[in-house]
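Scroll down for the structure; my scribbles are underneath it.
Protein chains get the first letters and strands the later ones, always in sequence-line order, with residue 1 at the start of each. Side chains included, hydrogens not; waters and symmetry mates left out as well; all remaining heavy atoms used. Computed from a predicted structure; not experimentally measured.
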4 protein chains.
Amino acid sequence: MGDEPTLAGQPRQGVRADAQRSIDALLTAAAEVFAEDGVDAPVRQITAKAGVGAGTLYRHFPQRSDLIAAVFRHEVDACAAAAPTLAARYDPLEALTRWLQRFAGFIATKRGLSAALHSGDTTYDSLPGYFQQHFEPALSALLDSAAKAGAIRSDADPWDLLRAIGNLAVPAADDDSGHTQRMIALLVDGLRFGAGA
Amino acid sequence: MGDEPTLAGQPRQGVRADAQRSIDALLTAAAEVFAEDGVDAPVRQITAKAGVGAGTLYRHFPQRSDLIAAVFRHEVDACAAAAPTLAARYDPLEALTRWLQRFAGFIATKRGLSAALHSGDTTYDSLPGYFQQHFEPALSALLDSAAKAGAIRSDADPWDLLRAIGNLAVPAADDDSGHTQRMIALLVDGLRFGAGA
Amino acid sequence: MGDEPTLAGQPRQGVRADAQRSIDALLTAAAEVFAEDGVDAPVRQITAKAGVGAGTLYRHFPQRSDLIAAVFRHEVDACAAAAPTLAARYDPLEALTRWLQRFAGFIATKRGLSAALHSGDTTYDSLPGYFQQHFEPALSALLDSAAKAGAIRSDADPWDLLRAIGNLAVPAADDDSGHTQRMIALLVDGLRFGAGA
Amino acid sequence: MGDEPTLAGQPRQGVRADAQRSIDALLTAAAEVFAEDGVDAPVRQITAKAGVGAGTLYRHFPQRSDLIAAVFRHEVDACAAAAPTLAARYDPLEALTRWLQRFAGFIATKRGLSAALHSGDTTYDSLPGYFQQHFEPALSALLDSAAKAGAIRSDADPWDLLRAIGNLAVPAADDDSGHTQRMIALLVDGLRFGAGA
DNA sequence: AATGAATGAGTGTTCATTCAT
DNA sequence: AATGAATGAACACTCATTCAT
């Protein structure tokens, strides 16, 4: 019951101060390393930067995906939380588009994340579920609003879209940041196309 | 000088018979291995299947991307060649859609190819150019026809679309083969949406 | 200094109740783990099963051999105690044979014990002495009786025999349970052979 | 056909000079390391002493047991070959006893070998068969001769004896070299005991 | 031109032991 | 007295690439 490695990233009661210090150091280090070299970066690079032993990492994050999930938690939360905010400020279609761009921005900074998700490596098995769980509701609400407003078709599958953008947003060698944005716009146009039908 | 490894896959004058035999064996073996284990498969697996030494592979294909390009040459040609065929048989929009699906089918069978393209590994640097060079003209013609026919907007960038579908078509763990098709349809709808504008 | 870890297994005056509880939990857990995975099983496995911290184990059993000795104490006592019982019930030769088989049975269930005894690892240094101290008198008495009865030679060294059977009884990959028994019978025959001389 | 790693220790035609040099260096180094630290010694210790890379070892001896077998080949051969020599020089019983002592001497110098044989580790799976194949015929002949001469019982199982002595001869912390000899003598006496029956 | 032996850095992971809490 | 977090050396093994043969 008190054993939820997935939650290692969150301050909890009952976690010793020294442990929490290690966890924080690891999360900070991992965030930097992931940003620098992608999520496949060697474990040692992270532990070295965090100033902890390898065993400490494995204690708190038995699976690599646990670390990834923990590192991204804040960003995931922030991204998902942006959905209602945007919905309140903009009209449904605009809110949808902006959030998809926001989501793409999240993905774009995660080098190797998409590859990991599709690697078939069982180490990352829990990751799709994690993202699905956090992002799908957010997008689902936006799609519903836009559909109700008659702006887009009503049969759009949120998970389909998340997967698509998750793949589209992987950064290319040439940093053509406009590419992803254009493609998202195109997908949204596709959704609009069916609206009047 | 006069040494163009990128062309190793093509029979050329001046290539000794035994060298050509090695090249053929390597291409055949690599094709099988790529199909089985993806383009990241260990080099040894390929040389073993080809019955040649590792040095022979590196002589003819100094870069891994050279081998990949050579192996896929035929399929790339066939895929590109399908464009005019489809254009002749179907109306512009239908032809476009069908070819994009065809292209997605090509990508989908290349395990690890998309990841390699976006790995940042300089070993694969020449690959995007290779694909661009072969596929872009094919798609460009289809887009032009459809645009001229008023079926889609006229400002679609072929390379944008190729990149997008190249990313979308990576096979997921759950073999949701419909996902890619739905996304392509959505993208095409997006192109149609702007047509009247 | 009043601190005799070797005796940790025995209830003593002056041991705090909570300490005794930890010791008992450790002994119970270790017994199960040893039976399951041998005496080389990871320490964590034992502490986890016992529900105590690693430090607690090291406090009471600074050496791994201390734990082993304590865990086996009851079985060692029982095995040693079987000697007089068998001596009372059977004729000297029969009693000797039966006890050696009994002893072999004890060894056979201790996966990794023999290896540990011969590993050269100083961690196990105290173990031979422990076993010698407990088993040698038992066997010695049986040998003396049999020798006095003229059934076996009189110069048999008990510790020699204990060591021999300790080694013979290590379980092999193929569970040839008869092997040890046959070899013990052969050794006893060897003792008998010299009897008439 | 040309792929028999088990035979890597033997000079063969078709083995390149450099490869043979590596193999020799590895065998020499491994022999020393095994003698010093037992057969469980770290791989790196061997490669370092041999002055070759780790990969070279794995190329020639994919399994640890392959290396052990190769290292011991000469000694195994020599030990097995001693059987007919002893049989020619001594009477059957004496020859048997002397050969068993010889065999025990072989085992005694192999620290960790017995443990490896009984470890259950699949890495060593091929070892028992290797030893059985080489030693059993040698012992079998000696047993037959002695049995025919009426010196020992005729139902002795050679593999049983080999296993027994293989276990008995493992060196203890205290180097009681006499122990093994005494136990072998006792086993032989056991064989003699049943002879008249 | 071809071979394939050699390299050796690099990786994930384990685990006995210590010591701050 | 008890905890369990932290350590970090140690290990087997892989594989792209080079280069002697």
Can you tell me the distance, in whole Å, between the [atom1] atom of [X] and the [atom2] atom of [N]?
| X | N | atom1 | atom2 | result |
| --- | --- | --- | --- | --- |
| D/D66 | F/dC13 | CG | C1' | 15 Å |
| C/D37 | E/dT14 | CG | P | 15 Å |
| C/D24 | F/dA1 | CG | P | 16 Å |
| A/I46 | E/dG10 | CD1 | P | 17 Å |
| C/Q45 | E/dA16 | CD | P | 10 Å |
| C/L67 | E/dA16 | CG | P | 12 Å |
| C/Q63 | E/dA16 | CD | P | 14 Å |
| C/F61 | E/dT18 | CZ | C1' | 19 Å |

Checklist entry - Would you say the side chain of A/D18 lies within less than 4.5 Å of the side chain of A/S22, judging by non-hydrogen atoms? => result no
Checklist entry - How about B/V52 and B/I46: do any of their side-chain heavy atoms sit closer than 4.5 Å? => result no
Checklist outcome for this item: So CD1 of D/I68 and CD of D/Q63: to nearest 0.5 Å the spacing works out to 10.5 Å
Item to check | Point-to-point distance, once rounded to the nearest 0.5 Å, from CG of D/L127 to CZ of D/R64 | outcome: 11.0 Å
Item to check | Taking every non-hydrogen atom, the tightest pair across A/S119 and A/Y124 | outcome: OG-CD1, 3.7 Å
Checklist entry - What pair of heavy atoms forms the shortest contact from C/E36 to C/R111, and how long is it? => result O-NH1, 3.6 Å
Checklist entry - With a 3.5 Å cut-off and no angle check, do the side chains of B/S126 and B/S65 form a donor-acceptor pair? => result yes
Checklist entry - Taking the inter-plane angle between the rings of D/F34 and D/F72 on a 0 to 90° scale, is it parallel (under 30°), tilted (30 to 60°) or perpendicular (over 60°)? => result perpendicular
Checklist entry - Pick the nucleotide of DNA chain F nearest each of D/R44 and B/Y58; which residue has the one closer to the 5' end? => result D/R44
Checklist entry - Which comes earlier along DNA chain E counting from the 5' end, the contact point of C/P42 or that of A/T123, where each point is its nearest nucleotide? => result A/T123
Next on the checklist: Counting the atoms with a prime plus P, OP1 and OP2 as sugar-phosphate, which does D/R64 contact under 4.0 Å by heavy atoms, base, sugar-phosphate, or nothing?
Outcome noted: sugar-phosphate
Checklist outcome for this item: Stems for DNA chain E (at least 3 consecutive Watson-Crick or G-U pairs, under 3.5 Å) come to E:2-21 with F:2-21
Would you tabulate the nitrogen or oxygen pairs shorter than 3.5 Å linking the protein to nucleotides 2-4 of chain E?
unit_1: E/dA2; atom_1: OP1; unit_2: B/D18; atom_2: O; d: 3.1
unit_1: E/dA2; atom_1: OP1; unit_2: B/A19; atom_2: N; d: 3.2
unit_1: E/dA2; atom_1: OP1; unit_2: B/S22; atom_2: OG; d: 3.2
unit_1: E/dA2; atom_1: OP2; unit_2: B/H60; atom_2: NE2; d: 3.1
unit_1: E/dT3; atom_1: OP2; unit_2: B/G53; atom_2: N; d: 3.2
unit_1: E/dT3; atom_1: OP2; unit_2: B/T56; atom_2: OG1; d: 2.7
unit_1: E/dT3; atom_1: O2; unit_2: D/R16; atom_2: NH1; d: 3.4
unit_1: E/dG4; atom_1: O4'; unit_2: D/R16; atom_2: NH1; d: 3.3
unit_1: E/dG4; atom_1: O3'; unit_2: D/R59; atom_2: NH1; d: 3.3
unit_1: E/dG4; atom_1: N7; unit_2: B/A54; atom_2: N; d: 3.0
unit_1: E/dG4; atom_1: N7; unit_2: B/G55; atom_2: N; d: 3.4
unit_1: E/dG4; atom_1: O6; unit_2: B/G55; atom_2: N; d: 3.0

Item to check | Short side-chain to backbone donor-acceptor contact, D/T28 and D/D24, under 3.5 Å | outcome: yes
